[in-house]
Amino acid sequence: MQTIIVTGSSGLIGSETAKRFAREGLRVVGIDNDMRAQFFGAEASTKATRDELVKNLREYEHRDCRVRDVPIHASFSPARHPLL
């Protein structure tokens, strides 16, 4: 099964992207750390969208992390794939 990684998966564009690829039968790994809640407060959180994706998309897995973190980049090396 093919895997696609969607960054910002709990936002508007990212969540729609995750839904599209899940409908096409791909495994979706969503990455989002809900920075909206930190910037704009709890009422702007994308947690509800994340929870909806986890609940309704069978092939969706969520990772709460930043793509700029060094361990994330290292995890894409050919030798290991902990995100995938």
Side-chain angles (χ1 to χ4, degrees):
M1 171 181 288
Q2 287 185 314
T3 299
I4 186 162
I5 298 172
V6 178
T7 60
S9 60
S10 298
L12 176 65
I13 295 169
S15 63
E16 292 301 317
T17 301
K19 290 175 191 175
R20 175 181 178 239
F21 284 114
R23 278 194 307 267
E24 292 181 13
L26 280 77
R27 179 173 168 239
V28 178
V29 176
I31 298 175
D32 197 297
N33 61 356
D34 196 8
M35 289 301 293
R36 285 186 55 88
Q38 292 182 26
F39 290 138
F40 305 112
E43 63 278 354
S45 175
T46 57
K47 182 182 181 308
T49 303
R50 179 197 67 208
D51 292 346
E52 175 198 342
L53 293 171
V54 170
K55 179 182 176 184
N56 296 322
L57 301 181
R58 191 174 59 120
E59 297 299 333
Y60 180 82
E61 297 175 32
H62 187 79
R63 300 290 184 262
D64 183 13
C65 57
R66 290 172 30 114
V67 295
R68 289 201 255 171
D69 289 345
V70 173
I72 298 303
H73 289 290
S75 69
F76 290 103
S77 72
R80 46 175 247 186
H81 297 283
L83 282 178
L84 307 177

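Nothing here was measured: the structure is a model prediction, and the numbers come from that model. These values consider heavy atoms only, across backbone and side chains, with no hydrogens, waters or symmetry-generated copies.
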Between Ser45 and Asp34, does a side-chain hydrogen bond (donor to acceptor under 3.5 Å, both in side chains) hold up when you go through it step by step? CA-CA 6 Å; Ser45 175; Asp34 196 8; 2.5 Å; yes
Determine, stepwise, if the pair Val28 / Leu57 fulfils side-chain contact (heavy atoms from CB on, under 4.5 Å). CA-CA 9 Å; Val28 178; Leu57 301 181; 6.0 Å; no
Any chain of hydrophobic side-chain contacts (each under 4.5 Å) joining Leu26 to Tyr60? yes
OG of Ser10 to CD1 of Ile31, rounded to nearest 0.5 Å, is 11.0 Å
Roughly how far, to the nearest 0.5 Å, is CD1 of Ile5 from OG1 of Thr7? 9.0 Å
For residues 1-14, the salt bridge (charged side-chain N to carboxylate O under 4.0 Å, His left out) pairs (sequence neighbours left out) are none
Ser15: side chain to side chain contact (heavy atoms under 4.5 Å, CB included) partners, not counting sequence neighbours: Thr49, Leu53
By side chain to side chain contact (heavy atoms under 4.5 Å, CB included), Phe40 pairs with (sequence neighbours left out) Arg36, Ala44
Asp32 vs His62, test: side-chain contact (heavy atoms from CB on, under 4.5 Å). Steps then yes/no. CA-CA 8 Å; Asp32 197 297; His62 187 79; 3.7 Å; yes
With sequence neighbours excluded, residues passing side chain to side chain donor-acceptor pair (under 3.5 Å) with Gln38: none
To the nearest 0.5 Å, what is the distance between OG1 (Thr46) and CD (Glu52)? 12.0 Å
Using the test salt bridge (Lys or Arg N to Asp or Glu O under 4.0 Å), find all partners of Asp51 that sit at least two apart in sequence or belong to another chain. Lys47
Residues in side chain to side chain contact (heavy atoms under 4.5 Å, CB included) contact with Glu16, at least two apart in sequence or another chain: Lys19
